[in-house]
There are 2 protein chains.
Amino acid sequence: MTQERRKFRREGEAQRQGDLIAAALDLIAEGGPQAATVRAIAQRAGVTPGLIRHYFRTKEDLIGAAYAQFVRRMAEDHSATMDGAGPDPLARLAWFVWRALCPPLTDSRTVGLWAGFLHLVRNDPRMRNIHRTGYLSFRDPLESLIGECLAATGRSLPPRQLQAEAIAANALIDGLWLEGSVLPEDFQPDELPRLGVEKVGALLGLPLTDHLEDMQ
Amino acid sequence: MTQERRKFRREGEAQRQGDLIAAALDLIAEGGPQAATVRAIAQRAGVTPGLIRHYFRTKEDLIGAAYAQFVRRMAEDHSATMDGAGPDPLARLAWFVWRALCPPLTDSRTVGLWAGFLHLVRNDPRMRNIHRTGYLSFRDPLESLIGECLAATGRSLPPRQLQAEAIAANALIDGLWLEGSVLPEDFQPDELPRLGVEKVGALLGLPLTDHLEDMQ
DNA sequence: CCCGAAATTATACGCTTGCAGAATTACCGG
DNA sequence: CCGGTAATTCTGCAAGCGTATAATTTCGGG
């Protein structure tokens, strides 16, 4: 009855770190930071708790790494999708909005992570920096895109007003992101991205709806 | 050296429950649910931990009561402010937007609470009901107000499109609320509510900016 | 084939958590 | 002024937390 020691396989550092981070993100997304205990993370990653401390000096380090990956992945996902968007600014802006309001950016997992990390971000300067980077990597391209679109239609704004337009457009996207992520059952598929493209167009006075057919 | 027992005053049930709820909300707003331990709540409320169980069957009950009060108070605060807004629909809509983007609705405490409760709301049907009630008490009046404004300017929409306008306007407000609450230092006082009134007007094609002078 | 290094598990410790029940104290009605 | 009630404090417990470290297992290189 001497219960034998558990068998295991050796894995590379990158693999195990990745597994642990993924497990932590899953748990935070579902149940908030309180659900991401050392033991729960280890179990979901398929290892024993002690291993966490072999790859991360402390639990806080692991959570920090998880947040960094979360932010980086969001930014990468969205900027990568812009690569195949063609040259026309209007089409690009429509595509930008559309993609922001589809999974994986808009879904309940993402908003769960966002909310779960909020307090950690607010109380830790290191995390706040990570956050700001990701936030600007979304808002800055949006502002450029809006500038190009206005220029293409013959209008042109002073920087101050252009920034205000970007803030408002960004807010509209954020708000739809929020509503769609928190109450996904209240919207049909495509309803949210369609509404986003239409209303960002209305906000800026741009005929974005012309490009709705290109979406998918 | 027999350290003597702590002195205390008896308080009514309502008073003590209110204190405990307020303490719990403060802690959640600042540090998330994990900061709201039984002992921390009691300390901030100026009592000993055992008393919590005298007024609430369990900690979960207390948190639930706290959330209910949070939602109710938000709704009350905002609807109460509409009382002195006059009869003109346009002025009322402008006021509605303006007030949503000022404290106490827009500030870091509110977004902290919102994020802190998100996971509890998602995983507990009882809390989800409370949430939905509060959410609709904001969106429904907004939809009515938009309908009145459009009717007053001679336009009229089928219900489906009116709802879409309300969702978009609500999203714009939510998004500005989010940005202003998370990064308050990025905006000057009045910048956010002003932007909100202006852009909600742009979104709906309504001259809301005419009423900006009435705000304060 | 086997040995050493490193990855992984196992065990243990001190602290905090939510909860329970007994002991005490404040206050009200007589 | 005094006794009873219930509001409040106090003490303790079992479970879970993050962390530390020793014991084991895996696996590639000689």
Side-chain angles (χ1 to χ4, degrees), chain A residues 1-25 27-28 30-67 116 119-120 123-124, chain B residues 1-25 27-28 30-67 116 119-120 123-124:
Chain A
M1 278 292 89
T2 73
Q3 52 206 14
E4 48 197 42
R5 205 180 176 88
R6 164 178 174 155
K7 302 297 181 200
F8 62 91
R9 277 191 14 193
R10 293 186 165 203
E11 296 285 355
E13 170 165 332
Q15 168 77 22
R16 277 281 133 91
Q17 285 188 347
D19 288 351
L20 290 169
I21 287 176
L25 288 177
L27 288 164
I28 292 176
E30 292 166 15
Q34 30 189 358
T37 69
V38 169
R39 286 165 174 82
I41 294 171
Q43 181 175 17
R44 186 164 297 213
V47 298
T48 49
L51 192 60
I52 290 183
R53 264 185 55 74
H54 190 257
Y55 287 111
F56 298 93
R57 211 174 50 75
T58 172
K59 179 195 172 185
E60 203 181 346
D61 278 11
L62 165 56
I63 301 298
Y67 183 60
H119 291 99
L120 305 178
N123 299 326
D124 183 338
Chain B
M1 278 295 87
T2 72
Q3 51 206 14
E4 50 196 41
R5 206 180 175 86
R6 165 179 176 155
K7 303 294 181 201
F8 61 92
R9 278 190 12 192
R10 293 188 165 202
E11 297 286 355
E13 168 165 332
Q15 170 77 22
R16 277 281 134 90
Q17 286 188 346
D19 288 350
L20 290 169
I21 287 176
L25 288 176
L27 288 163
I28 292 177
E30 292 166 16
Q34 31 190 355
T37 68
V38 169
R39 285 166 175 83
I41 294 171
Q43 181 175 16
R44 186 164 295 215
V47 298
T48 48
L51 192 60
I52 290 182
R53 262 184 54 75
H54 189 257
Y55 287 111
F56 298 92
R57 209 174 51 78
T58 173
K59 181 195 170 186
E60 203 181 345
D61 278 11
L62 166 55
I63 301 298
Y67 182 61
H119 292 100
L120 304 178
N123 300 326
D124 184 338

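So you know, we letter chains A, B, ... as the sequences are listed, proteins then strands, and number each from 1. Keep in mind it's a predicted model, so treat the numbers as computed, not measured.
Comparing Val38(B) and Lys7(A), the nucleotide of DNA chain C nearest to each residue sits closer to the 5' end for Lys7(A). With the nearest nucleotide of DNA chain D identified for both Phe8(A) and Glu13(B), Glu13(B) has the one nearer the 5' end.
Here the side chain of Lys59(A) pairs a donor or acceptor atom with the backbone of Ala36(A) at under 3.5 angstrom.
Within the nucleic acid shown, Thr37(A) comes within 4.0 Å of sugar-phosphate atoms alone, with no base atom in reach, counting heavy atoms only. Within the 4.0 angstrom heavy-atom criterion, base atoms lie near Arg39(A). The residue Arg16(B) sits close only to the backbone: its heavy atoms come under 4.0 Å of sugar-phosphate atoms, none of a base. Looking at heavy-atom distances under 4.0 Å, Glu11(A) makes contact with sugar-phosphate atoms alone, never a base. Using a 4.0 Å heavy-atom distance criterion, Arg6(B) is classed as a sugar-phosphate-only contact.
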Item checked: side chain to side chain contact (heavy atoms under 4.5 Å, CB included) evaluation trace for Gln34(B) with Leu120(A) -> CA-CA 11 Å; Gln34(B) 31 190 355; Leu120(A) 305 178; 4.2 Å; yes
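Between Leu20(A) and Val47(A) the shortest side-chain heavy-atom distance falls below 4.5 Å. Contact of the Glu11(A) side chain with the Asp19(A) side chain is not registered, since no non-hydrogen atoms from C-beta on lie closer than 4.5 Å. At least one side-chain heavy atom of Ile21(B) sits less than 4.5 Å from a side-chain heavy atom of Phe56(B).
Side-chain N/O atoms of Arg9(B) and base N/O atoms of dA7(D) include no donor-acceptor pair closer than 3.5 Å.
In this entry the distance linking CD of Gln43(B) with P of dG18(C) reads 14 Å, nearest Å. Per the geometry, CD1 belonging to Ile41(A) stands 17 Å off P belonging to dG16(D), to the nearest Å. For Gln17(A) and dT8(C), the CD to P distance is 11 Å, given to the nearest whole Å. Between the P atom of dA15(D) and the CD atom of Gln34(A) lies a distance of 21 Å, rounded to the nearest Å.
A heavy atom closer than 4.0 Å to some atom of DNA chain C occurs in Leu51(A), His54(A), Tyr55(A), these being the qualifying members of residues 51-66 of chain A.
Nearest heavy atom pair, residue Ala35(A) against residue Ala40(A), reads O-CB, 3.7 Å. The nearest pair of heavy atoms linking Arg6(A) to Gly46(A) is NH2-O, 2.9 Å.
Between Arg5(B) and the phosphate of dT9(D), there is no side-chain N or O to OP1/OP2 separation shorter than 4.0 Å.
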